[in-house]
Amino acid sequence: MKYISTRGLAPALNFEEVVLTGLAPDGGLYVPETLPTFSQEEIASWAGLSYQELAFNVMKPFVAGAVSDEDFKKIIADAYSTFRHDAIAPLVQTAHNEWILELFQGPTLAFKDFALQFLGHLLDHLLKKRNQKVVVMGATSGDTGSAAIEGCRRCDNIDIFIMHPHNRVSNVQRRQMTTVLAPNVFNIALEGNFDDCQNMVKASFGDQSFLPDGRQLVAVNSINWARIMAQIVYYFYAGLALGAPHRPVAFSVPTGNFGDIFAGYLAKKMGLPVDQLVIATNSNDILHRCISSNDHSKHQLQHTLSPSMDIMVSSNFERMLFDLYDRDGNAIRQLMEDFKSGSMTLKESALVRARELFTSYGVSDEVTIDVIRSVFDRTEYLLDPHTAIGVEAARKTRRRKDIPMVVLATAHPAKFPEAVRKAGQDTDPALPHHMQDLFERDERYTVLPQDLAKVQQFVAANVRK
């Protein structure tokens, strides 16, 4: 299988190349040239498979011989061996035909573990085979960083540098990153917001001349195709558990960078009968404004109780636009130029298609707190603020009550004690056993100004020989 850039000017790559390249040299994101599809009979035959077995079946066509079946099964097994629940992605019912898909059972308590534990083991395999050392550089609004660090901390061939917005992630999120004292792990607290961190990463990928000779950057943000690929799996897993393909299923996805819900869109294109995909946003509602009123303009970023969604530049939306514009790289380049200046407007046919594929809804902090409180009062199930946004968006936009609605629970509530307390809980939710001593561990991180040259100097100076 070949992978092509959304902007149409970069050479096509194979799977191994696309995992190690990240952002395309023309500034675009890689997507498969063609998407594998599964028949209803084939999907039905997967009922009862373990998560690991299903992951192998769903992802194998994308790998296309780059990794042997035996090695690929081992990578998958190793990736999910540290999850705390044997089901890997268990479902919990919170209302009639409403289900929570718990994607926080991994080692860092967030859905990012599904892709980043997999990506860490995949990178380790590919780099050992190539006898190559790389530099991972990433930006995080809270959860990606700790999951990436956990996935890469034991990799001899990787030095990992993660930027988070200084004082704009929760204490639990920060400490999950900064208490990992492995010699190949470097945390940067950038004096800016998440979009500033992400812009630094994109600029660095565009010009890697600051790196020592023989090193290249590898992306762990959701611009890396392997992350999207791994996230497709749990849509199939939840769908099969609730009766697919014999009946359709709907999903509500708390969305910041659009990677998670894009994986749901791909699952639908690959044959999973998905009736509805709900884009659930917080007050930083650029995606909701785009779908509902064709307003894709940058507003002032707001600091909310759901910080992992405090994003105004949703990188993976470009992958969606590529399909909405019939894979026209020229059109995508123009759209991205428009957006760089502040806003872009979708052509009517693309907007109509987007509205056929997605519904959207924006949720304030006040409503988020009310949802956490009301769901707990009725079920004694405690939501994190991002998942609460998904629940509210699902309930406000749901088209059919006879179809199971699955809300993706993107993080454990213990990561966001401020929101939980505001919702009326007397005590902070307990951290799982393996993280009980998190606030007693030593921290290590470096605060840097919003200055690309200083960030790149720090990276270059700390890459191990």
Side-chain angles (χ1 to χ4, degrees), residues 1-5 10-25 29-33 36 52 55-82 106-107 112-138 144-145 147-162 182-185 201 204-205 208 211-233 259 263 459 463-465:
M1 180 179 289
K2 288 293 187 180
Y3 294 82
I4 57 174
S5 169
L13 301 181
N14 63 30
F15 177 75
E16 186 171 321
E17 291 167 336
V18 86
V19 170
L20 295 172
T21 300
L23 200 65
L29 281 71
Y30 282 107
V31 292
E33 196 167 39
Q52 294 88 332
F56 176 78
N57 286 346
V58 171
M59 292 194 288
K60 181 181 175 181
F62 295 110
V63 177
V67 181
S68 71
D69 285 359
E70 183 181 355
D71 286 338
F72 197 49
K73 286 178 180 177
K74 185 178 188 310
I75 288 167
I76 292 168
D78 290 344
Y80 300 112
S81 65
T82 55
K112 308 291 177 74
D113 285 324
F114 278 84
L116 285 164
Q117 291 302 303
F118 168 75
L119 180 57
H121 287 282
L122 177 64
L123 282 172
D124 208 28
H125 173 83
L126 296 177
L127 293 170
K128 282 177 179 173
K129 186 174 77 171
R130 296 162 67 104
N131 193 27
Q132 181 180 356
K133 293 182 184 292
V134 300
V135 175
V136 164
M137 191 173 179
T144 293
I149 287 168
E150 187 63 32
C152 296
R153 63 190 294 183
R154 297 176 185 87
C155 299
D156 294 333
N157 294 351
I158 295 174
D159 290 312
I160 180 167
F161 297 81
I162 296 293
N184 67 328
V185 172
V201 172
S204 298
F205 270 87
Q208 301 186 24
L211 290 173
D213 287 345
R215 293 292 197 277
Q216 71 172 71
L217 289 181
V218 169
V220 292
N221 281 49
S222 52
I223 59 173
N224 192 308
W225 166 254
R227 276 192 56 180
I228 303 295
M229 179 180 85
Q231 290 172 304
I232 296 169
V233 177
V459 172
V463 170
R464 297 173 303 164
K465 301 292 187 251

Visitor: List in chain and number order the residues that pass ring pair (Phe, Tyr, Trp, His ring centres under 6.0 Å) with Phe205, two or more places apart in sequence or in another chain; answer none if no residue qualifies.
Guide: none
Visitor: Using a 4.5 Å cut-off on heavy atoms from C-beta on, say whether the side chain of Phe15 contacts that of Leu122.
Guide: yes
Visitor: Mind checking side-chain contact (heavy atoms from CB on, under 4.5 Å) for Thr21 and listing every partner two or more places apart, or none if nothing turns up?
Guide: Leu13, Tyr30
Visitor: Side-chain contact, heavy-atom cut-off 4.5 Å: Val31 with Ile4?
Guide: yes
Visitor: Tell me the closest heavy-atom pair linking Phe62 and Pro32, and the distance in Å.
Guide: CE2-CG, 3.9 Å
Visitor: Run the ring pair (Phe, Tyr, Trp, His ring centres under 6.0 Å) test against Phe161 and tell me which residues pass, sequence neighbours left out.
Guide: Phe186
Visitor: Are the side chains of Asn157 and Lys128 in contact, using a 4.5 Å heavy-atom criterion?
Guide: yes
Visitor: Just wondering, are more than 12 heavy atoms of other shown residues or ligands nearer than 6.0 Å to NZ in Lys60?
Guide: no
Visitor: Would you name the heavy atoms of Ala66 and Lys129 that are closest together and state the gap between them?
Guide: O-NZ, 3.3 Å
Visitor: Is there a donor-acceptor pair closer than 3.5 Å between any side-chain N or O of Asn184 and the backbone N or O of Cys152?
Guide: yes
Visitor: Between Asn221 and Ile223 (side chain of the first, backbone of the second, donor and acceptor by atom type, cut-off under 3.5 Å), is there such a pair?
Guide: no
Visitor: Which is it for Leu123 and Leu20 under the side-chain contact (heavy atoms from CB on, under 4.5 Å) test, yes or no, and what are the steps along the way?
Guide: CA-CA 8 Å; Leu123 282 172; Leu20 295 172; 3.7 Å; yes
Visitor: Do the non-hydrogen side-chain atoms of Gln208 and Val135 ever get within less than 4.5 Å of each other?
Guide: no
Visitor: Hey, does Leu217 have a side-chain heavy atom less than 4.5 Å from the side chain of Val136?
Guide: no
Visitor: Please examine the side chains of Gln216 and Gln132, heavy atoms only from C-beta on, and report whether any two atoms are closer than 4.5 Å.
Guide: yes
Visitor: Rounded at 0.5 Å granularity, tell me how far CD1 in Ile162 sits from CE in Met137.
Guide: 9.5 Å
Visitor: Within the side chain of Asp159, is there an N or O that forms a donor-acceptor pair under 3.5 Å with the backbone of Arg464?
Guide: yes
Visitor: Let me check something: any side-chain donor-acceptor pairs from residues 113-121 under 3.5 Å, sequence neighbours excluded? List them with distances.
Guide:
| unit_1 | atom_1 | unit_2 | atom_2 | d |
| --- | --- | --- | --- | --- |
| Asp113 | OD1 | Thr108 | OG1 | 2.8 |
| Asp113 | OD2 | Thr108 | N | 2.8 |
| Asp113 | OD2 | Thr108 | OG1 | 3.0 |
| Asp113 | OD2 | Leu109 | N | 3.3 |

Visitor: Under 3.5 Å, which donor-acceptor pairs do the side chains of residues 72-79 form with other protein atoms, sequence neighbours left out?
Guide:
| unit_1 | atom_1 | unit_2 | atom_2 | d |
| --- | --- | --- | --- | --- |
| Lys74 | NZ | Asp78 | OD2 | 2.7 |

Visitor: Which distance, rounded to the nearest 0.5 Å, do you find between the CD of Gln231 and the CE of Met59?
Guide: 11.0 Å
Visitor: Asp124 versus Asp156: any side-chain heavy-atom pair under 4.5 Å?
Guide: no
Visitor: Which residue pairs pass the salt bridge (Lys or Arg N to Asp or Glu O under 4.0 Å) test with at least one member in residues 213-233, sequence neighbours excluded?
Guide: none
